Amino acid sequence: MKFSKIIVGTFCIWMAVSSCGKNKTASNEEAATPQTYPIIVLQEQDAQLESVYPATIRGQEDIEIRPRIDGFIEAIYVDEGSRVKKGQRLFRINSPDADSELLNARAAVVSAEAQVNTAKLNVDRMRPLAEQQIIGEVQLATLENSYQTALAAQAQAQASLYNAEAKVGWKEVTSPVDGLVGTIPYRIGSLVSSSNVLTTVANTSNVFAYFSLNEKELAAFLNDLQGNTQAQKIKNIPPVTLTLTTGTVYPYKGKVETISGLVNVSTGSASFRAEFPNEEGMLRSGTSGRVSIPKELENVFVIPQKATFAQQDKVLSYVVQGDSVVQRIITVVPTPDGKSYAVTSGLNSGEKIVADGVATLSQGKKIQYN
């Protein structure tokens with residue numbers, strides 16, 4: 001019985017060793033089989049890219065409404081958000097000073113007219129006597145000078161009256177443009193002066209979107225445009241798109257009209273202004289959004305971003321060479337979908353690159369592909 005047990009035990013040990021050897025062999029075979037990866041065969045194509053910049057929207061005319069005289073708000077004829085026409089009344093200012101100045105100016109005119117009449121009577125009365133040499137020429141000349149002085153005083157009084165009447169007219173505050181009324185911070189009875197902004201009227205039939213490019217972006221942007229001067233280059237900027245903060249794309253295209261002549265020293269950027277039509281009033285002054293400038297690229301390779309990886313400040317992809325892969329530094333530009341790159345250099349037409357799973361690859365690793 002003991003001999004039988006020894007034989008059986010030896011057999012079991014041999015089987016275990018044999019089985020272990022087979023497992024190691026299978027594992028080595030599996031390790032020796034390259035992993036399969038999807039690939040892309042590169043073909044040149046044209047791509048449209050977009051450069052997106054934060055923008056602030058302003059009305060074509062955003063005008064602060066201030067009183068031209070000091071006084072109390074006597075009446076408010078409009079409400080916040082109202083649409084007004086040019087010349088329409090907005091406020092009435094009660095200005096006792098302006099009323100008093102008008103009364104004084106009218107009285108000064110009456111007094112000046114009386115002085116003119118008196119001086120003229122004196123001249124008319126003395127001229128015949130001077131002609132008869134009853135009085136001297138000097139005395140007549142003195143009276144004529146007094147008459148001229150009275151005329152000048154009358155003219156000054158008339159000018160003061162004109163100014164006083166104009167100031168009284170300023171009691172009615174009107175809109176200088178067609179537009180929408182903004183916030184009205186003051187109410188009836190408030191004491192206001194020319195330093196106070198009563199409201200803002202924004203003409204939003206067209207709106208301006210302001211955005212900025214830094215110095216490097218500006219140089220590259222202008223370099224890509226046709227034209228010899230900045231004015232010629234601006235004319236060749238393609239229509240731009242406005243996306244609102246809600247994510248809604250504004251249905252009308254805009255046109256870049258101006259680029260500031262100076263780079264802001266504090267921010268290192270240049271300001272752009274794009275104009276958008278707004279006849280339907282969808283856009284309001286003071287809101288924000290994003291301006292997208294399209295750019296056409298010719299003869300580039302469009303590849304998924306997952307086919308690339310970053311190493312320090314460089315973007316690389318794995319190019320298939322025979323049965324293995326090699327790393328290649330490439331130059332890319334993101335596409336509007338956020339999932340692909342347009343490759344502008346580093347790859348050649350007809351080459352194969354690994355399309356997915358690049359995190360598991362290394363330089364010279366052997367692969368299979370489909």
Side-chain angles (χ1 to χ4, degrees), residues 48 50-68 73-93 170-188 190 192 194-213 221 231 234-260 264 269-295 336:
Q48 180 171 325
E50 287 184 345
S51 299
V52 182
Y53 305 96
T56 301
I57 299 170
R58 291 283 182 267
Q60 184 176 0
E61 295 171 301
D62 282 358
I63 300 177
E64 293 181 340
I65 306 300
R66 299 174 183 266
R68 301 177 68 178
I73 297 179
E74 187 175 73
I76 300 176
Y77 301 114
V78 294
D79 200 357
E80 297 173 347
S82 301
R83 183 172 292 278
V84 295
K85 295 292 185 180
K86 181 178 180 180
Q88 182 175 336
R89 291 190 306 173
L90 304 177
F91 303 90
R92 179 175 176 82
I93 307 298
W170 295 343
K171 293 168 65 175
E172 296 287 343
V173 181
T174 60
S175 175
V177 294
D178 297 348
L180 296 174
V181 177
T183 303
I184 302 176
Y186 300 99
R187 296 304 174 201
I188 293 176
S190 298
V192 293
S194 59
S195 62
N196 301 122
V197 179
L198 301 181
T199 189
T200 301
V201 176
N203 178 3
T204 56
S205 57
N206 289 325
V207 297
F208 295 142
Y210 293 91
F211 59 98
S212 300
L213 273 69
F221 179 77
I234 290 175
K235 290 182 180 180
N236 291 320
I237 298 176
V240 298
T241 302
L242 177 64
T243 304
L244 307 180
T245 52
T246 59
T248 304
V249 177
Y250 188 61
Y252 302 102
K253 297 288 186 179
K255 179 65 178 174
V256 175
E257 291 191 331
T258 63
I259 302 174
S260 62
N264 188 299
S269 60
S271 179
F272 283 58
R273 189 187 77 196
E275 183 175 359
F276 290 84
N278 189 39
E279 293 295 336
E280 299 174 5
M282 296 175 61
L283 302 177
R284 291 184 176 271
S285 182
T287 58
S288 57
R290 300 188 306 275
V291 169
S292 302
I293 303 178
K295 179 181 179 180

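Owing to the predicted nature of the structure, the values given are computational and were not obtained by experimental measurement. Hydrogens, waters and symmetry mates play no part in the numbers below; they use all other heavy atoms, side chains included.
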What I'd like to find out is whether the side chain of [X] reaches to under 4.5 Å of the side chain of [Y], using heavy atoms alone.
| X | Y | answer |
| --- | --- | --- |
| Leu242 | Val249 | no |
| Phe272 | Leu213 | yes |
| Phe91 | Thr174 | no |

[X] and [Y]: which non-hydrogen atoms are nearest, and at how many Å?
| X | Y | answer |
| --- | --- | --- |
| Ser292 | Val52 | OG-CG2, 3.6 Å |
| Asp62 | Ala202 | OD1-CB, 3.2 Å |
| Ala209 | Phe276 | CB-CE1, 3.8 Å |

Please round to the nearest 0.5 Å and tell me the distance separating atom [atom1] of [X] and atom [atom2] of [Y].
| X | Y | atom1 | atom2 | value |
| --- | --- | --- | --- | --- |
| Ser175 | Tyr77 | OG | OH | 14.5 Å |
| Asn206 | Glu257 | CG | CD | 8.5 Å |
| Ile293 | Tyr53 | CD1 | OH | 5.5 Å |
| Ser212 | Arg273 | OG | CZ | 13.5 Å |

Given Ser190, which partner from the list Leu198, Ile76, Ile73 fulfils the side chain to side chain contact (heavy atoms under 4.5 Å, CB included) test?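 Only match with Ser190 under side chain to side chain contact (heavy atoms under 4.5 Å, CB included): Ile73.
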
Here's a test for you: under side chain to side chain contact (heavy atoms under 4.5 Å, CB included), which of Tyr250, Phe211, Tyr210 qualifies with Val291?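 So, applying the side chain to side chain contact (heavy atoms under 4.5 Å, CB included) to Val291 and each of Tyr250, Phe211, Tyr210, only Phe211 qualifies.
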
If we ignore angles and hydrogens, is there a donor and acceptor under 3.5 Å between the side chains of Tyr252 and Glu280?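 There is such a pair (donor and acceptor under 3.5 Å, judged by atom type) between the side chains of Tyr252 and Glu280.
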
Residues in salt bridge (Lys or Arg N to Asp or Glu O under 4.0 Å) with [X], at least two apart?
| X | answer |
| --- | --- |
| Lys235 | none |
| Arg89 | Glu172 |
| Arg83 | none |
| Glu275 | none |

Got a sec, which residues hit side-chain contact (heavy atoms from CB on, under 4.5 Å) with [X], two or more places apart in sequence or on another chain?
| X | result |
| --- | --- |
| Pro238 | Pro294 |
| Thr246 | Leu244, Thr248 |
| Pro176 | Ile63, Ile65 |

Taking only residues two or more places apart in sequence or in another chain, which ones pass side-chain hydrogen bond (donor to acceptor under 3.5 Å, both in side chains) with [X]?
| X | result |
| --- | --- |
| Ser269 | Thr267 |
| Glu279 | none |
| Thr241 | Lys253 |
| Glu61 | Asn203 |

Heavy-atom neighbours of Lys295 NZ exceed 12 at 6.0 Å: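 Not more than 12 within 6.0 Å, no.
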
Would the number of heavy atoms belonging to other residues, nucleotides or ligands and lying under 6.0 Å from CZ of Arg92 be above 12?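 More than 12 within 6.0 Å, yes.
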
Step by step, would you call Val84 with Asp178 a side-chain contact (heavy atoms from CB on, under 4.5 Å)? CA-CA 6 Å; Val84 295; Asp178 297 348; over 6 Å; no

What donor-acceptor contacts under 3.5 angstrom involve side-chain atoms of residues 180-188, with partners at least two apart or in another chain?
| unit_1 | atom_1 | unit_2 | atom_2 | d |
| --- | --- | --- | --- | --- |
| Tyr186 | OH | Asn196 | ND2 | 3.1 |
| Arg187 | NH2 | Ile184 | O | 3.4 |

Sidechain-backbone polar pair: [X] side chain, [Y] backbone, donor-acceptor under 3.5 Å:
| X | Y | result |
| --- | --- | --- |
| Ser285 | Arg58 | no |
| Arg290 | Thr245 | no |
| Asn278 | Ser205 | no |

Using the side-chain contact (heavy atoms from CB on, under 4.5 Å) rule, take Phe208 and Ile57 through it: C-alpha gap first, then chi angles, then the decisive distance, then the call. CA-CA 6 Å; Phe208 295 142; Ile57 299 170; over 6 Å; no

